[in-house]
There are 2 protein chains.
Amino acid sequence: MNNPMDSATAFCIAAVERDTGLGKDTLRVWERRYGFPKPDRDTKGERLYPAEQVEKLRLIRCLLDRGQRPSKVVGASMEDLRAMLETAEVPKASESPPGAVDGMQYVRLGRTVELAASLRQALLRQGLQRFVAETVAPLSEEVGAAWMRGEIQVSDEHAYTEQVQNVLRGAIGSFGPSSERPRVLLSTLPGEDHVLGLLMVEATLVSEGAACLSLGTRTPMADLCRAAVDNGIDVVGLSFSAAFPARQAIDRMLELRAMLPPQITLWAGGSAMRGKQKRLPGVRVVTDLDDARQALAEWRSAHGVAAR
Amino acid sequence: MNNPMDSATAFCIAAVERDTGLGKDTLRVWERRYGFPKPDRDTKGERLYPAEQVEKLRLIRCLLDRGQRPSKVVGASMEDLRAMLETAEVPKASESPPGAVDGMQYVRLGRTVELAASLRQALLRQGLQRFVAETVAPLSEEVGAAWMRGEIQVSDEHAYTEQVQNVLRGAIGSFGPSSERPRVLLSTLPGEDHVLGLLMVEATLVSEGAACLSLGTRTPMADLCRAAVDNGIDVVGLSFSAAFPARQAIDRMLELRAMLPPQITLWAGGSAMRGKQKRLPGVRVVTDLDDARQALAEWRSAHGVAAR
DNA sequence: TGTTCATTGTTGTCCTGGACAAATAATCAT
DNA sequence: ATGATTATTTGTCCAGGACAACAATGAACA
């Protein structure tokens with residue numbers, strides 16, 4: 001199936017799924033419904049997608065991520081697609097850039113070296129907590145928005161994430177060990193890759209003296225529960241980016257709430273959680289980084305633990 | 001499908017795929033072939049897996065990861081499975097622990113605080129390059145082996161990875177910006193999550209004054225190529241963990257070699273690459289961290305760039 | 001004007017069961 | 001021992017129908 005000879009010009013369906021992020025079922029049903037993509041077949045009847053169709057699928061994926069509907073874009077010509085990408089309106093254009101930071105231009109230009117230097121400078125100037133709240137958070141939103149507008153590449157966003165991780169993790173690590181309460185377990189669920197929100201929360205909580213145990217991204221719920229119990233955790237915190245379907249996030253939080261012992265507090269934060277408080281009994285929805293500090297204070301007050 | 005009421009006791013097939021990592025097709029074909037799992041059905045005929053079957057599937061997955069064959073484990077009873085996990089022989093038991101580091105006990109006991117402190121101490125004592133080669137690399141192998149032997153939890157491995165990341169990224173960031181050659185682009189391909197190998201290489205190269213641009217994990221090949229060209233990259237380095245199927249790794253490297261401009265050097269490293277040099281014309285296989293330094297020296301010598 | 005709820009259309013996921021490609025083990029030749 | 005064949009296991013792919021989940025729209029209500 002994957003003959004190296006022709007794989008440079010044609011891709012099997014699994015390869016297309018990898019490269020475009022579109023599921024095999026979706027690719028097949030589009031072919032049936034919209035007549036595109038229209039792959040060739042090998043001798044055994046398996047689909048072989050020419051490189052140009054894969055390229056077009058990538059463009060389509062890009063537009064879908066920006067909120068377009070499939071019926072509008074699957075079946076359009078390449079010219080139409082490019083035109084749509086040009087005139088793509090961002091659904092809810094974020095407010096004007098938050099002023100203080102102009103690191104955005106470094107991201108745009110791929111100047112990672114200058115970006116890193118500027119971040120480090122801001123960290124020293126502002127201290128970790130303000131750095132996270134006033135520099136990293138708005139800049140990350142701006143990067144996300146720029147990607148939505150098609151102004152930056154996927155790789156630019158990856159590179160940005162790497163640089164911020166280097167700075168934030170260095171800062172988090174430079175805090176001495178804390179044995180204070182609460183002990184907070186942080187992670188994201190499978191399907192959620194975005195690590196920056198998690199790191200921002202960790203930085204904020206560590207600044208306040210909480211003992212954070214991060215498991216990184218994509219921890220299965222069963223492992224999460226076991227880890228929480230085994231490590232004597234007080235609070236489990238989950239992060240959901242805007243890319244995560246809000247409905248699923250709610251269902252999974254309720255499921256997790258039912259699996260965890262009731263004395264363990266459950267926090268949920270991230271864009272997908274905006275305005276979902278009422279639907280989540282037993283879960284503390286954390287709206288932003290300031291609210292995370294607030295939630296921490298609430299926990300300490302409720303459990304008779306003094307802040308530092 | 002996902003009624004929150006019963007989702008605590010029964011899971012739809014997508015949820016099982018998430019939780020166990022076993023594909024939907026695989027779950028269905030096992031049911032057909034081995035008679036397990038045997039999910040209930042909802043009113044619409046869709047599979048509903050009871051929690052106990054999911055638990056058993058998780059155990060099975062665990063054994064498969066350790067090299068068992070499905071025919072041996074998919075039909076077995078819970079007792080048999082547990083027994084097999086006990087007596088699981090590690091296929092190629094690694095050599096005795098590398099002496100110098102006893103951080104392993106901290107991982108085993110979930111003492112992340114002590115682990116972090118011990119890592120930082122080792123970093124200061126050894127310097128970044130030796131720290132990576134003599135402490136992080138063997139310890140990571142040891143952690144992987146312990147997981148294979150079932151001695152530690154998934155969450156312990158995640159927590160370990162997080163701690164090492166904090167230390168390594170802090171150290172990498174503390175190097176000033178380098179504008180020296182070569183400019184190295186580092187990443188893993190979709191399907192490869194393991195980030196530590198990548199970070200170890202980055203730390204090693206940065207120590208030698210190379211300019212590293214990391215894109216983190218799972219960069220699609222098209223984005224990788226574009227980023228390499230746009231950023232004037234000299235060398236693209238990919239990392240493959242032992243979990244990555246060697247055959248696929250080879251195919252993808254050849255594909256990538258064909259996509260990249262010939263003047264860009266391609267490096268491939270990681271366990272999946274052991275002893276695959278001969279099958280990869282045009283790719284420099286990097287066998288370990290020392291070899292990475294060697295490859296760097298080769299590049300500089302071939303391109304007339306003096307080492308620092 | 002804005003917030004819920006029902007309706008309608010769209011879209012992705014799930015289904016069956018057969019087929020076969022790819023991975024692994026077993027066997028044989030060098 | 002190492003490398004090439006063959007046999008067996010195992011996971012992926014196929015078709016095309018069905019319908020659950022999701023978004024957009026419109027109606028009822030605060």
Side-chain angles (χ1 to χ4, degrees), chain A residues 1-4 7 11-18 20-34 36 39-49 60-61 63-75 91 191 244-252 272 275-276 278-279, chain B residues 1-4 7 11-18 20-34 36 39-49 60-61 63-64 67-75 91 191 243-252 272 275 278-279:
Chain A
M1 169 209 290
N2 239 342
N3 188 338
S7 62
F11 304 82
C12 70
I13 195 169
V16 177
E17 177 176 45
R18 274 202 315 268
T20 66
L22 300 165
K24 302 190 227 300
D25 271 325
T26 304
L27 289 167
R28 285 191 279 254
V29 85
W30 281 4
E31 184 179 341
R32 207 193 311 164
R33 268 183 206 150
Y34 310 115
F36 182 87
D40 305 326
R41 299 298 180 122
D42 68 6
T43 49
K44 300 302 172 189
E46 302 202 335
R47 291 171 173 79
L48 277 182
Y49 296 81
I60 288 171
R61 169 62 197 254
L63 285 162
L64 290 187
D65 285 342
R66 273 141 237 240
Q68 300 289 327
R69 305 301 311 273
S71 57
K72 307 289 180 190
V73 293
V74 184
F244 203 95
R247 175 59 181 276
Q248 276 186 45
I250 292 171
D251 286 351
R252 302 236 210 131
K276 300 289 190 285
K278 54 183 71 168
R279 304 203 197 179
Chain B
M1 169 210 289
N2 237 343
N3 188 339
S7 62
F11 303 82
C12 71
I13 196 170
V16 176
E17 176 176 45
R18 272 202 318 265
T20 65
L22 300 165
K24 302 191 226 307
D25 272 325
T26 304
L27 289 167
R28 284 191 280 254
V29 87
W30 279 5
E31 184 178 341
R32 206 194 309 168
R33 269 186 205 146
Y34 309 115
F36 183 87
D40 306 325
R41 299 298 179 121
D42 68 8
T43 48
K44 299 304 170 186
E46 303 201 338
R47 291 171 173 79
L48 276 182
Y49 295 82
I60 289 172
R61 168 61 196 255
L63 286 161
L64 290 186
Q68 299 290 325
R69 309 296 319 268
S71 58
K72 308 287 179 192
V73 294
V74 177
F244 203 95
R247 175 60 182 275
Q248 276 187 44
I250 292 170
D251 285 351
R252 303 236 209 132
K278 55 183 72 168
R279 304 202 197 179

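Values below: all heavy atoms of this structure, side chains included; hydrogens, waters and symmetry mates excluded. It should be emphasised that the depicted structure is a prediction, and the values quoted were computed from it without experimental measurement.
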I need the minimum non-hydrogen distance between Leu48(A) and Pro39(A), along with the two atoms involved. O-CB, 3.5 Å

Find the distance between CZ (Arg61(A)) and CZ (Arg66(A)) and round it off to the nearest 0.5 Å. 10.5 Å

Atom CD of Gln68(A) and atom P of dT11(C) are separated, to the nearest Å, by 12 Å

Does any part of the side chain of Cys12(A), heavy atoms only, come nearer than 4.5 Å to the side chain of Glu46(A), both counted from C-beta? no

Side chains of Leu63(A) and Lys72(A): does their closest heavy-atom pair fall under 4.5 Å? no

dC20(C) C1' sits how many Å from Ile13(A) CD1, rounded? 15 Å

Testing dA15(D), dA23(C), dC14(C) for proximity to the side chain of Arg247(B), the answer is dA23(C)

Without decimals, in angstroms, what is the distance between Leu27(A) CG and dT13(C) P? 11 Å

From CD of Glu17(B) across to C1' of dC14(C) the rounded distance in Å is 12 Å

dG16(D) base to Arg28(A) side chain: any donor-acceptor pair below 3.5 Å? no

Roughly, in whole Å, what's the span from CD in Gln248(B) to C1' in dA21(C)? 13 Å

When you check the phosphate oxygens OP1 and OP2 of dC14(C), does a side-chain N or O of Lys24(B) lie under 4.0 Å from one of them? yes

Nearest-nucleotide wise, let me know which of Arg32(A) and Pro245(B) is further upstream toward the 5' end of DNA chain C. Arg32(A)

Atom-to-atom span, CZ of Phe244(A) to P of dC22(D) - whole angstrom: 11 Å

Spacing of Ile250(A) atom CD1 relative to dC22(D) atom P, expressed in whole Å: 10 Å

Taking all non-hydrogen atoms of both residues, which atom of Gly23(A) and which atom of Glu17(A) are closest, and how far apart? CA-OE2, 3.5 Å

Rounded to the nearest 0.5 angstrom, the CZ-CD1 distance for Phe36(A) and Ile60(A) is 5.0 Å

Partner residues of Phe244(A) under the ring pair (Phe, Tyr, Trp, His ring centres under 6.0 Å) criterion, sequence neighbours left out: Phe240(A)

Starting at the 5' end of DNA chain D and moving along, which residue's nearest nucleotide shows up first, Thr43(B) or Arg41(A)? Arg41(A)

Whole angstrom is fine here: how far is it from NZ in Lys44(B) over to C1' in dT16(C)? 18 Å

Using nucleotides 4-11 of chain D, report all nitrogen or oxygen pairs with the protein that are shorter than 3.5 Å.
{"from": "dT10(D)", "atom 1": "OP1", "to": "Pro70(B)", "atom 2": "N", "distance (Å)": "3.2"}
{"from": "dT10(D)", "atom 1": "OP1", "to": "Ser71(B)", "atom 2": "N", "distance (Å)": "2.9"}
{"from": "dT10(D)", "atom 1": "OP1", "to": "Ser71(B)", "atom 2": "OG", "distance (Å)": "3.2"}
{"from": "dT10(D)", "atom 1": "OP2", "to": "Tyr34(B)", "atom 2": "OH", "distance (Å)": "3.0"}
{"from": "dT10(D)", "atom 1": "OP2", "to": "Ser71(B)", "atom 2": "N", "distance (Å)": "3.4"}
{"from": "dT10(D)", "atom 1": "OP2", "to": "Ser71(B)", "atom 2": "OG", "distance (Å)": "3.4"}
{"from": "dG11(D)", "atom 1": "OP2", "to": "Trp30(B)", "atom 2": "NE1", "distance (Å)": "2.8"}
{"from": "dG11(D)", "atom 1": "N7", "to": "Arg33(B)", "atom 2": "NH1", "distance (Å)": "2.9"}
{"from": "dG11(D)", "atom 1": "N7", "to": "Arg33(B)", "atom 2": "NH2", "distance (Å)": "3.4"}
{"from": "dG11(D)", "atom 1": "O6", "to": "Arg33(B)", "atom 2": "NH2", "distance (Å)": "2.4"}

